[in-house]
Number of protein chains: 2
Amino acid sequence: MTLARFHFLNRVTFGAGAAETLPGELAAADIRRPLLVSDAGLVATGLVDRLRDSIAGPTCLFDAVPPNPTEAAVLAARALYLAEGCDGIVAIGGGSPLDFAKAVALLATHPLPLERYAALHGGTPRIGPCAPVIAVPTTAGTGSEVGRGALITLASGPKLVFASPQLLPVVALCDPALTVSLPPLLTAATGMDALSHCIESYLSPLYNPAVDAIVLDGARRAWGAIRTATAEPGNLGARTDMMMASIEGGLGFQKGLGAVHALSHPLGALQSLSLHHGSCNAAILPAVLRFNAPAAAGRIAELHRALGLPAGTGLAEAVARLNADLGLPLSLRDMGVTAAMIPGLTQGALADHSRPTNPRPLGDADILALYSELVA
Amino acid sequence: MTLARFHFLNRVTFGAGAAETLPGELAAADIRRPLLVSDAGLVATGLVDRLRDSIAGPTCLFDAVPPNPTEAAVLAARALYLAEGCDGIVAIGGGSPLDFAKAVALLATHPLPLERYAALHGGTPRIGPCAPVIAVPTTAGTGSEVGRGALITLASGPKLVFASPQLLPVVALCDPALTVSLPPLLTAATGMDALSHCIESYLSPLYNPAVDAIVLDGARRAWGAIRTATAEPGNLGARTDMMMASIEGGLGFQKGLGAVHALSHPLGALQSLSLHHGSCNAAILPAVLRFNAPAAAGRIAELHRALGLPAGTGLAEAVARLNADLGLPLSLRDMGVTAAMIPGLTQGALADHSRPTNPRPLGDADILALYSELVA
């Protein structure tokens with residue numbers, strides 16, 4: 001017998017002004033000494049200080065989350081958390097600070113090493129109660145605010161997923177007003193991340209009609225708003241749709257992703273390039289849609305219909321045009337990836353947790369061919 | 001600022017054969033001496049014994065859940081639970097055993113009286129950890145398997161809702177194969193319950209696009225399968241769609257229901273008639289759709305489109321025809337409700353928790369008019 005298993009997630013407060021509820025949420029979670037985690041770019045905008053000032057009690061700040069979170073940075077933040085006697089974490093930023101906070105929350109209450117808890121090493125059952133995390137996303141893309149997973153690049157090299165309901169933020173404060181200051185290119189790249197989550201989870205072969213309905217709505221919503229959000233940063237309606245699409249994509253994770261993410265994760269582990277996850281996904285998506293077409297024609301047609309694409313325009317072609325309109329890099333070559341990197345990337349993609357839910361079986365020759373196309 | 005709040009729910013195992021995972025789920029939840037709760041009709045079919053026989057250790061059975069669960073029955077089951085030293089509950093049946101089990105689980109770990117925990121009396125924060133409940137639905141309609149609420153008729157008269165995340169079943173084993181023995185009229189009535197959940201939560205004015213997407217899919221799914229499931233009880237495809245629609249409707253509860261349920265709950269509290277909740281909803285739905293039309297024209301048009309209704313057929317009219325096709329009572333008069341009962345029913349509907357999320361304000365004159373139309 002084949003059984004489907006599903007599970008929905010954590011509490012969300014959504015809307016312009018949601019971030020203002022942070023002090024109340026800290027009190028509700030009984031967090032008296034939070035560690036704020038964010039990145040230098042966001043601190044420079046003043047947003048982190050503004051949120052920090054809204055908190056009455058003592059706070060600490062770790063402001064050095066790397067673009068792709070690393071084990072070394074997690075250990076540094078953990079040391080600060082323990083030294084300062086913190087009792088919870090506020091994650092402010094995009095997917096990197098959110099994932100990062102989850103890993104710090106894990107190691108704040110569990111013995112080292114981090115690798116022991118990786119899903120790939122059967123670590124999920126070893127994850128017990130973690131420090132509470134409040135997620136305050138400042139991009140609309142990651143979905144990590146409603147997700148159970150965190151991707152961390154280990155000191156030993158690979159970018160691995162850590163996944164457990166224990167890692168869910170206790171609450172996500174999803175405030176579209178925080179995203180109006182996001183620069184156009186980052187709006188586009190993070191938005192394409194959300195769109196790729198919706199499309200990939202929709203194409204996953206697992207049975208979960210509730211997720212299918214959510215991510216189809218998310219894909220439609222992101223498709224309809226991403227150009228406007230990029231071109232008119234202050235358009236709160238478009239920002240609201242993008243933030244909802246991010247959540248909807250995150251609710252899709254439980255159905256599994258596919259080849260886009262299997263190919264994208266190893267790229268994020270390349271320390272030499274520091275590639276943006278959303279930009280990688282955007283560049284990879286058209287090629288993967290062409291690859292998946294024979295195995296997922298019906299679902300791709302449903303997406304085509306939901307996005308309101310004209311007859312005669314393929315979904316892959318429309319995504320490629322969207323990337324171009326948004327000013328995103330169109331290939332991995334444009335992002336600095338070279339043919340010499342492909343063997344290592346292929347090993348990473350083969351081991352990736354997103355590979356098994358791609359609608360078309362994805363072997364090493366397929367991965368090699370896709371990477372080769374994208375660096376050509 | 002207006003903020004939307006949402007939250008998804010518990011773990012589900014879905015598919016033909018899901019009920020066979022019960023022993024493993026009992027072990028996973030560390031339940032060594034479960035109280036099984038069900039109703040006499042279901043026990044007579046042999047299903048309860050079959051499930052009971054699959055459990056290796058000691059079990060107890062409470063087989064007298066009333067069609068609309070009462071406080072007196074809850075207290076009787078609680079006494080059995082405590083006397084037998086039970087450590088968890090398996091609820092087998094439709095919405096009544098499922099809601100009933102939640103109330104027993106509450107009182108197994110909390111002091112009396114039950115009324116103290118009613119949402120209407122601000123009781124939700126008083127609900128702490130409850131005994132674990134495993135839900136095994138045998139109808140496709142209630143949604144209680146994935147819901148935080150339980151409706152219980154108190155000894156003092158009113159039918160009140162008890163609502164807390166603590167009341168969520170630890171897991172719902174949703175096995176469409178259990179529903180193939182459900183008689184046609186019960187299939188139809190419980191199916192209309194699921195459909196009414198999907199339609200009412202879709203029409204609720206709260207902001208929750210993820211729920212909107214889910215329940216629109218649920219409405220489409222129920223609409224497409226209910227005639228087949230009723231006419232061909234052994235059609236597992238139709239049974240599967242109905243069970244998924246039940247879950248999808250239950251996931252919609254957090255967005256709130258509306259006038260159908262506000263009018264239906266007091267009918268369930270009428271001890272003299274013992275009315276079926278789904279049949280009440282079915283009979284009420286067309287009148288409420290007409291009442292709501294001025295306030296929810298856009299959303300009703302979306303439903304019309306999602307259900308694939310022909311142009312020129314109104315949704316209310318199509319629901320009335322569906323009721324007739326299914327052999328369900330078309331009015332409350334046909335079910336024994338009289339004009340003399342209306343004043344009491346109106347008081348109940350005014351106080352009901354579903355009233356505030358009806359898309360059109362629902363005052364006492366409106367309620368009176370709707371009940372009057374339905375008993376005429």
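Just so it is clear: chains get the letters A, B, ... in the order the sequence lines come, proteins before strands, and each one is counted from 1. A quick note: this is a predicted structure, and the numbers were derived from the prediction, not measured. Heavy atoms only: backbone and side chains are in, while hydrogens, waters and symmetry mates are out.
Side-chain contact between D217(A) and D212(B) is absent, with no heavy atoms from C-beta onward closer than 4.5 Å.
With chain A as partner, the option from C174(B), A172(B), A213(B) having the largest number of non-hydrogen pairs under 4.5 angstrom is A213(B).
R221(A) and P209(B) get closest at one heavy-atom pair: NH2-CB, 3.2 Å.
No more than 12 heavy atoms of other residues, nucleotides or ligands sit less than 6.0 Å from atom CZ of R32(A). In R299(B), the CZ atom is crowded: over 12 heavy atoms of neighbouring residues, nucleotides or ligands sit closer than 6.0 Å.
Atom CD1 in I214(A) sits 8.0 Å away from atom CG in L251(B) (nearest 0.5 Å).
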